[in-house]
Visitor: 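Submitted below is the structure of interest, expressed as structure tokens.
Side chains are part of it too, since the values below use all heavy atoms of this structure and drop only hydrogens, waters and symmetry mates.
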Amino acid sequence: MTKNRNLLLGLTSLLVATAACSGPSATPAPPTSGAAGENRSTVLFLGDSVAVGESLPLAAAFKAGGAGFQSIAADGGGNVVGPFSDKNWEQLPGQITGAKPNVVVYQITTYDWGSRAEQQAAYEKLLATTTGAGAELVFVTMPPIKADDFYQPHLADLARTSEVAKTVAAGGKATVLDATEVWGTTYQQTKDGKADRSKDGIHTCPQGAARFTSWLLTKLTAVLPGFTPPAADTWANTGWSADKHFQGC
């Protein structure tokens, strides 16, 4: 039995359960579009290397669901505040405008360091850039991490990012999705006896990325009218789980 086959068999029940319970640069994933007559809404996905891994099943799932998808998540960056963000902002407005998205999804990154004022200013800038491009902004909270010495000095900054995003989104200006529904409140390397997060304490494994995908697809139906999340068996076994990005699983 192949690795992908095992993944599909293991994920099908997990994905159903997840859906029921849900009330430095990388090469961008190519945009996908639906066939004639299918939903042509486009989602642009932003984030760091955690999001890079999640973008792999997301691309497969949106393709199966007949919606456009593009990821500009980046290893070692992809953030809108904190280190490297100045470089990201040199190209981000053009990337957002050029993608012509209906929805921009920003998974808050592990590099979103800074004071509350700095974080709020950056998130407001992202909101203005997104709405200026005619799209709706969706913040997704980052998964909990097992911080090493690199991240320890910045945990207080990361802990407030969800609250700051909610402040920026207040009044319906944007949407904030709380991913603790997927990951819980603390880093867990395994779930149901299988690797869910990388042993590095930061990234996801194929199972975790797939669970996140199923959850996010369901949540985005509120901002993508006409979009119906495709069944797991149409995207979970399409080869993405063998990508070299998944390490420590």
Side-chain angles (χ1 to χ4, degrees), residues 24-29 31 42-55 58-59 69-145 147 150-151 153-180 183 202-204 212 216 219-220 223:
S25 65
T27 302
T42 298
V43 174
L44 181 64
F45 190 51
L46 284 60
D48 59 4
S49 56
V50 176
V52 171
E54 294 165 342
S55 73
L58 280 169
F69 176 82
Q70 183 177 353
S71 172
I72 56 172
D75 290 320
N79 49 313
V80 298
V81 61
F84 326 118
S85 60
D86 56 339
K87 297 297 183 183
N88 194 31
W89 275 112
E90 290 177 1
Q91 57 186 351
L92 186 57
Q95 290 175 316
I96 292 176
T97 301
K100 299 180 180 179
N102 299 94
V103 174
V104 172
V105 177
Y106 178 64
Q107 177 164 281
I108 293 170
T109 82
T110 60
Y111 296 107
D112 279 25
W113 312 339
S115 67
R116 179 184 297 270
E118 290 170 332
Q119 290 168 329
Q120 183 165 337
Y123 293 171
E124 287 176 346
K125 184 177 180 181
L126 180 60
L127 175 61
T129 302
T130 299
T131 55
E136 182 168 347
L137 178 61
V138 175
F139 291 99
V140 178
T141 62
M142 58 172 275
I145 63 174
F150 178 73
Y151 283 108
H154 308 288
L155 289 180
D157 292 350
L158 295 177
R160 83 168 76 88
T161 54
S162 299
E163 179 185 344
V164 175
K166 290 175 182 177
T167 297
V168 172
K173 296 177 181 177
T175 300
V176 180
L177 300 180
D178 186 353
T180 57
W183 309 115
I202 306 296
H203 300 93
T204 69
F212 174 83
L216 185 60
K219 291 295 186 180
L220 289 181
V223 292

Visitor: What distance separates Gln107 CD from Phe45 CZ, expressed to the nearest 0.5 Å?
Guide: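 Here the rounded value is 5.0 Å.
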Visitor: Could you work out, with ring pair (Phe, Tyr, Trp, His ring centres under 6.0 Å) as the rule, every residue matching Tyr106, not counting sequence neighbours?
Guide: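 Testing Tyr106 for ring pair (Phe, Tyr, Trp, His ring centres under 6.0 Å), a comparison that skips the adjacent residues, returns none.
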Visitor: Which residue pairs pass the side chain to side chain donor-acceptor pair (under 3.5 Å) test with at least one member in residues 77-88, sequence neighbours excluded?
Guide: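 Output for this query is empty, none listed.
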Visitor: Give me the atom names and distance for the closest heavy-atom approach of Leu158 to Asp112.
Guide: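 Shortest heavy-atom separation between Leu158 and Asp112 comes out as CD2-N, 4.0 Å.
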Visitor: I'd like to check the side chain to side chain donor-acceptor pair (under 3.5 Å) partners of Thr110; sequence neighbours left out, ordered by chain and number.
Guide: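 Only Asp48, Tyr151 meet the side chain to side chain donor-acceptor pair (under 3.5 Å) criterion with Thr110.
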Visitor: Who pairs with Ser115 by side-chain contact (heavy atoms from CB on, under 4.5 Å), at least two apart in sequence or on another chain?
Guide: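 For Ser115 the side-chain contact (heavy atoms from CB on, under 4.5 Å) partners, ignoring immediate neighbours, are Ala117, Glu118.
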Visitor: Stepwise, does the side-chain contact (heavy atoms from CB on, under 4.5 Å) test hold for Leu216 with Leu177?
Guide: CA-CA 9 Å; Leu216 185 60; Leu177 300 180; 3.7 Å; yes
Visitor: Who are the side-chain contact (heavy atoms from CB on, under 4.5 Å) partners of Ala179, not counting sequence neighbours?
Guide: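 Once residues adjacent in sequence are excluded, the partners of Ala179 under the side-chain contact (heavy atoms from CB on, under 4.5 Å) criterion are Val140, Thr141, Trp183, Trp215.
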Visitor: Describe, in one word, how the ring planes of Tyr111 and Phe150 are oriented to each other, choosing from parallel (under 30°), tilted (30 to 60°) and perpendicular (over 60°).
Guide: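 Geometry flag for Phe150 against Tyr111: perpendicular rings.
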Visitor: Please test Thr129 against Leu92 for side-chain contact (heavy atoms from CB on, under 4.5 Å), starting from the C-alpha separation and ending with a verdict.
Guide: CA-CA 9 Å; Thr129 302; Leu92 186 57; 5.7 Å; no
Visitor: Side chains of Trp89 and Val80: closer than 4.5 Å at any heavy-atom pair?
Guide: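 Trp89 reaches Val80 side chain to side chain.
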Visitor: Who passes salt bridge (Lys or Arg N to Asp or Glu O under 4.0 Å) against Glu163, sequence neighbours left out?
Guide: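 With sequence neighbours excluded, Glu163 shows a salt bridge (Lys or Arg N to Asp or Glu O under 4.0 Å) to Arg116, given in chain and number order.
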